[in-house]
Amino acid sequence: MIDKEQLERATQQFQACSALFVALGDTTRQKLCLDLAEAADEGINVAQLSGKSILSRPAISHHLKVLKDAKIVEPVKKGTQIFYRLRLKEVFQDVKSLIDTVETIIESEEDAGTKTTVGD
């Protein structure tokens with residue numbers, strides 16, 4: 001039986017990661033993330049991103065907003081322009097915590113299954 005405390009922790013962690021999962025579930029945003037990764041810490045602006053895509057600037061801005069809301073990208077103002085860069089290290093820490101919790105639940109379930117199987 002799953003520990004209720006672990007189950008509650010996993011539920012909260014899934015909720016904390018849900019915006020990330022939705023944002024990364026779209027192939028267009030996945031491509032944008034790869035373009036942002038290629039730009040590294042310098043970042044990249046909407047005009048440069050539109051040059052790498054068939055998407056319009058407003059469409060790119062929409063996708064960047066979704067990524068920004070999920071805390072995957074951060075805008076950095078340089079002069080009059082806004083450049084975007086990835087924040088993967090920070091955002092994936094939540095995913096790592098979720099994975100750790102789920103692995104703990106699985107291990108405790110496997111241990112419980114072993115204990116009941118041995119006695120049968």
Side-chain angles (χ1 to χ4, degrees):
M1 178 179 280
I2 297 175
D3 181 298
K4 289 185 185 215
E5 205 171 288
Q6 288 178 332
L7 187 60
E8 179 60 31
R9 186 177 319 118
T11 300
Q12 290 171 355
Q13 290 170 328
F14 268 115
Q15 290 171 348
C17 294
S18 65
L20 170 72
F21 295 150
V22 169
L24 292 178
D26 182 271
T27 56
T28 300
R29 289 191 284 273
Q30 292 167 9
K31 168 76 167 81
L32 286 174
C33 284
L34 294 174
D35 291 338
L36 289 163
E38 186 178 22
D41 284 340
E42 292 179 27
I44 190 168
N45 65 23
V46 174
Q48 292 167 322
L49 284 169
S50 69
K52 294 175 161 276
S53 172
I54 61 170
L55 296 174
S56 67
R57 287 183 185 188
I60 290 172
S61 292
H62 164 75
H63 287 292
L64 286 171
K65 181 184 181 326
V66 173
L67 293 170
K68 183 180 147 201
D69 290 347
K71 298 183 172 107
I72 297 169
V73 301
E74 69 177 344
V76 178
K77 192 167 184 167
K78 294 181 183 177
T80 60
Q81 295 187 11
I82 298 175
F83 288 78
Y84 295 87
R85 63 182 177 199
L86 289 177
R87 297 184 58 219
L88 294 179
K89 186 174 183 178
E90 296 88 356
V91 76
F92 281 122
Q93 193 59 40
D94 290 339
V95 175
K96 183 182 179 319
S97 296
L98 171 61
I99 291 168
D100 291 344
T101 300
V102 171
E103 284 178 340
T104 300
I105 290 170
I106 291 169
E107 288 170 4
S108 64
E109 283 296 297
E110 287 174 349
D111 290 345
T114 303
K115 290 176 185 173
T116 56
T117 305
V118 172
D120 291 341

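Small disclaimer: the values here were computed from a predicted structure and weren't measured. Every heavy atom of this structure was used, including side-chain atoms; hydrogens, water molecules and symmetry mates were not.
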Check for me, please, whether [X] and [Y] land in the same ILVMFWY cluster - side-chain distances under 4.5 Å, paths through other members count.
X	Y	result
Phe83	Leu67	no
Val95	Val22	no
Ile105	Ile99	no
Val66	Ile82	no
Leu32	Val46	yes

How many angstroms lie between atom [atom1] of [X] and atom [atom2] of [Y], to the nearest 0.5 angstrom?
X	Y	atom1	atom2	value
Glu107	Glu103	CD	CD	6.5 Å
His62	Thr28	NE2	OG1	9.5 Å
Leu24	Arg29	CG	CZ	8.5 Å
Thr101	Gln13	OG1	CD	3.5 Å
Ile106	Gln6	CD1	CD	11.0 Å

Greater than 12 external heavy atoms within 6.0 Å of Lys77's NZ: no

Counting only heavy atoms not in Phe14, do more than 12 fall under 6.0 Å of its CZ? no

Sequence-distant partners of [X], salt bridge (charged side-chain N to carboxylate O under 4.0 Å, His left out), two or more places apart:
X	result
Asp100	Lys96
Lys71	none
Arg85	Glu74
Asp69	Lys65

Is the shortest side-chain heavy-atom distance between [X] and [Y] below 4.5 Å?
X	Y	result
Leu98	Phe21	yes
Leu49	Leu64	yes
Leu20	Asp94	no
Leu88	Ile72	yes

Taking every non-hydrogen atom, the tightest pair across Ala59 and Leu55: CB-CB, 4.2 Å

State, to 0.1 Å, how close Ala70 and Ala23 come at their nearest heavy-atom pair, and which atoms those are. CB-CB, 3.8 Å

Taking only residues two or more places apart in sequence, or in another chain, which ones meet Glu8 in a side-chain contact (heavy atoms from CB on, under 4.5 Å)? Gln12

Exercise answer: donor-acceptor pairs, residues 33-44 side-chain atoms, under 3.5 Å, sequence neighbours excluded:
unit_1, atom_1, unit_2, atom_2, d
Asp35, OD1, Lys31, NZ, 2.8
Asp35, OD2, Lys31, NZ, 3.0
Glu38, OE1, Lys52, NZ, 2.9

